[in-house]
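Worksheet: the structure to be examined is printed underneath.
The structure displayed is predicted, hence computed values, not measured ones. Chain letters run A, B, ... following the sequence lines, proteins first, then strands; residues in each count from 1.
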Protein chains: 2
Amino acid sequence: MTSTENPRAGVRARTRGAILRAAATVLAHDRNAPLSAVAEAAEVGRSTLHRYFPDREVLLAATYQEALSEIGRVMDEAEVEKGSALEAMRRVVAAHVEVGDWVVFAFGDTANEVFDDAPAATDPEPDLLTNLVRRGQEEGVFDPEADPAWVVQVLWALVFTGLERAERGQMPRHAVAPTVVRTLERGICAPG
Amino acid sequence: MTSTENPRAGVRARTRGAILRAAATVLAHDRNAPLSAVAEAAEVGRSTLHRYFPDREVLLAATYQEALSEIGRVMDEAEVEKGSALEAMRRVVAAHVEVGDWVVFAFGDTANEVFDDAPAATDPEPDLLTNLVRRGQEEGVFDPEADPAWVVQVLWALVFTGLERAERGQMPRHAVAPTVVRTLERGICAPG
DNA sequence: TCTTTTTGACACAGTGGTGTCCCATTATGA
DNA sequence: TCATAATGGGACACCACTGTGTCAAAAAGA
């Protein structure tokens, strides 16, 4: 704060953002990657990284928050509450694929420490989705016998699988969302 | 080898097996868990662990081989080639859930080093399953437009998800296989 | 231009996991 | 009982990562 405005805050915000994006990308692939790898990916010195995020833990938490914020943004754009549950679900899948790195980082590791510490408090995502599933069940389009939490987890799992496949070049990126949606809606069996 | 038979080999085989089982369980949860944790889980001194597996890398490789062997065993029992593809697929899912820890260890991490080094050479699993899927497509029960590799990966992903849920107490263990099968076959939509 | 901020390179010590070795103790089988 | 095999614990050096600090150079704004 050099003056009443935020004059030089633009610079700081930009590097901060670069670090967070790099952290999401790198740590999504390997949660235990050294911070030097994150700094390198962000094209920033390790000193600078520590200047912005003193701890590894602090960086993790900040990246997690940023991920939640990014996901929240695309979820807002997806307008989960609008239209039929089926259409909404399709938009949700597309939205998740769109911000793949953030999704993988935020929900990607089974032994998620950050998730355990400050769980659903700052994370409206699960409720939004389980509500969507419930709505779909009431509309009669989703399997009424399925546990909504299970359905949500399946959605995440399929999005992960699709993103992973895309990254390995086993599937074009634009095919991920449609494929996931198709599998979600019909399973793996023939139409008949 | 004290004599022509394998006299004291029984002892060694038992501890070796205990270490491998412990490694699968512990490392399935956290790929970067310290070897001391594996030793502790195996109820064995860290020295003993290093006596059997000098390197971490060696332990990883051995555990991976053991996992393939275990999975191969239950896959044999599942008789993938017999009966309708649909029935076979159900048996395959049940088999995978049965040896959950091994499955999670062997295919659980996205950045799998062991898998990259010695890939499909010693692992007949993927081919077995893609062949099953292809057979199902020819029989007209599986979606003919779906990439078999995608279907196989979806199967794994759902098994993972189910196992994860069971472990967290969010789903009874006996419900995993049926739930996965149901979701695989029909997706998340209502029967109508 | 001049001042202030921001940065990167380097050095440093602390830490936790690793791999090795040795030795006393225990278990196994003859 | 006795010899041998197997084990556990401790000590040790090693290494990668971490977190801190310093300092000169580069960048940004007045």
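Protein atom CG of A/L27 is 14 Å distant from nucleotide atom P of D/dC17, rounded to whole Å. The distance from atom CG of B/L35 to atom P of D/dG9 is 16 Å, rounded to the nearest whole Å. Distance CZ (B/R16) to P (D/dA5): 20 Å, rounded to an integer number of Å. When rounded to the nearest whole Å, the span between CZ of B/R14 and C1' of C/dG29 equals 13 Å. We find that CD of A/E43 is positioned 10 Å from P of C/dG8, with the value rounded to whole Å. Taking atom CZ on B/F53 and atom C1' on C/dG17, their separation rounds to 19 Å, with Å as the unit. If you take CZ of B/R56 and C1' of D/dA16, they are 13 Å apart, rounded to a whole angstrom. Counting to the nearest Å, the C1' atom of C/dA9 and the NE2 atom of A/H50 are 14 Å from each other.
Of the two residues contacting DNA chain D, namely A/P34 and B/L49, the nearest-nucleotide position lying further toward the 5' end is that of B/L49.
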Dump the pairs, protein N or O against N or O of nucleotides 13-15 of chain C, anything under 3.5 Å, distances to one decimal.
none

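Using modelled atom types, one side-chain atom of B/Q137 and one backbone atom of B/D143 make a donor-acceptor pair closer than 3.5 Å. The backbone N or O of A/M171 lies less than 3.5 Å from no partner atom in the side chain of A/R165, so there is not a single donor-acceptor pair.
The listed nucleotides are C/dG8, C/dG19, D/dG8; the one nearest the side chain of B/D55 is C/dG19. Side-chain proximity of A/S47 to D/dG21, C/dT28, D/dT18: nearest is D/dG21.
Under 3.5 Å, the side chain of A/R46 and the base of D/dG19 form at least one donor-acceptor pair of N or O atoms. For a distance-only test at 3.5 Å, the side chain of A/R51 qualifies as a donor-acceptor partner of the base of C/dG8.
The side chain of B/Y52 contributes an N or O atom lying less than 4.0 Å from OP1 or OP2 of D/dT7. Phosphate contact (OP1/OP2 of C/dT6, side-chain N/O of A/T15, threshold under 4.0 Å): absent. In terms of phosphate contacts, A/T48 brings no side-chain nitrogen or oxygen within less than 4.0 Å of OP1 or OP2 of C/dT7. Residue B/R12 has a polar side-chain atom (N or O) positioned under 4.0 Å from OP1 or OP2 of D/dA6.
B/F105 carries B/R31 over the face of its six-membered ring, with the cationic atom under 6.0 Å from the centre and within 45° of the normal.
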May I have the list of side-chain donor-acceptor pairs in residues 80-88 of chain B shorter than 3.5 Å, sequence neighbours left out?
from  : atom 1 : to    : atom 2 : distance (Å)
B/K82 : NZ     : B/E79 : OE2    : 3.0
B/S84 : OG     : B/E87 : N      : 3.1

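Classification of A/E138 and A/R134 as a salt-bridged pair fails, no side-chain N sitting under 4.0 Å from a carboxylate O. Ion pair A/E40/A/R46 not flagged as a salt bridge, since none of the NZ, NE, NH1 or NH2 atoms sits closer than 4.0 Å to an Asp/Glu carboxylate oxygen. B/R90 has a carboxylate O that lies under 4.0 Å from a charged side-chain N of B/E185, or vice versa, which qualifies the two as a salt bridge.
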